[in-house]
There are 2 protein chains.
Amino acid sequence: MSSRHADTRQHILDTGNRIIAAKGFSCVGLNELLQASEVPKGSFYHYFKSKERFGQALLEDYFDSYLRQLDALLEAPGLTARERLLRYFQQWRATQAEEGDEQKCLVVKLGAEVADLSEAMRVTLRDGTERIIGRLAGCIAAGVADATLPQLDADASARMLYQMWLGASLLAKLQRNASPLDQAWAATLQRLSA
Amino acid sequence: MSSRHADTRQHILDTGNRIIAAKGFSCVGLNELLQASEVPKGSFYHYFKSKERFGQALLEDYFDSYLRQLDALLEAPGLTARERLLRYFQQWRATQAEEGDEQKCLVVKLGAEVADLSEAMRVTLRDGTERIIGRLAGCIAAGVADATLPQLDADASARMLYQMWLGASLLAKLQRNASPLDQAWAATLQRLSA
DNA sequence: GGTGCAATTAGACCAGTCGTCTAGAGCCGA
DNA sequence: TCGGCTCTAGACGACTGGTCTAATTGCACC
């Protein structure tokens, strides 16, 4: 696999991410995608077997990069586990609240649409969210260990928080307003206190 | 407006609900919808100005019926406010966990997809969810008043619970598994206790 | 420079898209 | 019986959808 090959593939993926995060998966036709990436249609099927496989690759790429950032955040040195966890949610809130047409979190944007459309994409989303929850649970466990968090069931708390933030992002999207995220932030603080 | 008129219109809406709740809005073409409802295309455009307006009507109809059921549930006589509220979430859990391809909650299924697609549909979803949250807040306030619930900020709690359940439904959809809903149930009980 | 093979592209293909439009069927009051 | 509505029927147009095959390109090796 030449570097040019990898480049073009990644370029289609990056462009796809931008467009699909704004419009959804089914709504975006190959034409639009290819025109935006300035890649001829024929090439697309060289790099991806089908639109569905492309979508799956898009999600894999998304989760890889998301988890990389998440790991960097949750392993930041010189902070307590509590601080690291809160920074993650604070950042979620900030990212979601940003201006811009595209939905930053592909789980929110594509989850419901794609789950019934493609089993492969559903599984990719499921596994990705499980990995995210796993990292959060790890950080909560560390917080319990270093006593910066109260005695919590790490896994259950991680799941509950993640769910709540997903719902908050969805509601924020409907309202075009960050207040559901503020709501989630307040509830998060409450949950992570005594 | 003759009753036949209302019937056909409602019939298209009902069929549309079934199909769109399973596949999403963009994914379902008029042909599929019309074939399933056994209504000719000409009629469709008699009753609805466009596919988008149809989608909006679908959501309005959905929220109307949802709120009717919700009101029945939250005003059930002979139960404390706490019991009525818990019954709602219990029912949410039961409904979501049911077998069947379609997503029962259109907010979960269509929210993210439609918010960036159609301003009219987004606003309909926003207003509908606000009304739901309003009812929940009312019930929580009643629970605080009749002392079956602890002292809670009714509005904030309603929002937080609704968000969490939305996220839980999304995750349950990805996992094809009710455990996120059990999680939400546990967190709900915790929140509504002391 | 020439050869052979893989990587890449161009575009044909047709089923499907939404929406328009015309023609007429059915109904109802006068 | 007529006039005038609402509603149905479905052909049609202009276009987009994803897919695939055949042609072209680029490159390594001789």
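All values below were derived from every heavy atom in this structure, side-chain atoms included, with hydrogens, water molecules and symmetry-related copies excluded. First the proteins, then the strands, lettered A, B, ... as listed; each starts at 1.
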Separation of C:dA10 atom P from A:F44 atom CZ, nearest Å, is 16 Å
Of all the nucleotides listed (D:dG18, C:dT20, C:dA10), which has the minimum atom distance to the side chain of A:Y45? D:dG18
Does B:Y66 have B:K104 sitting over its ring (NZ/CZ under 6.0 Å from centre, angle to axis within 45°)? no
Does the side chain of B:L86 reach to within under 4.5 Å of the side chain of B:W185, using non-hydrogen atoms? yes
With side chain to side chain donor-acceptor pair (under 3.5 Å) as the criterion, how do A:Q35 and A:N31 come out once you've worked through the C-alpha distance, each side chain's angles and the decisive distance to 0.1 Å? CA-CA 6 Å; A:Q35 214 163 341; A:N31 279 337; over 6 Å; no
The side chain of B:H46 is closest to which nucleotide in this list: D:dT8, C:dC18, C:dT9? D:dT8
Salt-bridge contact B:R159-B:D155 (side-chain N to carboxylate O under 4.0 Å): yes
Could you give the NZ-to-C1' distance, from A:K49 to D:dT21, as a whole number of Å? 17 Å
Do A:K41 and D:dG18 share a donor-acceptor pair, side chain to base, under 3.5 Å? yes
In whole Å, I'd like the distance from the CG atom of B:L117 to the P atom of C:dC18. 12 Å
D:dT8, OP1 or OP2 - any side-chain N/O from B:T8 closer than 4.0 Å? yes
Relative to the ring of B:Y88, is the ring of B:W92 parallel (under 30°), tilted (30 to 60°) or perpendicular (over 60°)? perpendicular
In residues 25-39 of chain B, which residues come under 4.0 Å of DNA chain D by heavy atom? none
May I have the distance from B:F48 (atom CZ) to C:dT20 (atom P), rounded to whole angstrom? 15 Å
Rounded interatomic separation in angstrom, taking CZ from B:R53 and P from C:dC18: 18 Å
Taking only the side-chain nitrogens and oxygens of B:Y47, find out if one of them lies under 4.0 Å from OP1 or OP2 of D:dT8. yes
In whole Å, what is the span from the CD atom of A:E52 to the C1' atom of D:dG18? 12 Å
Kindly indicate whether the side chain of A:K109, heavy atoms from C-beta on, has any atom under 4.5 Å from the side chain of B:D116. yes
Nearest to the side chain of A:S43, which nucleotide is it out of C:dC18, C:dT8, C:dA10? C:dT8
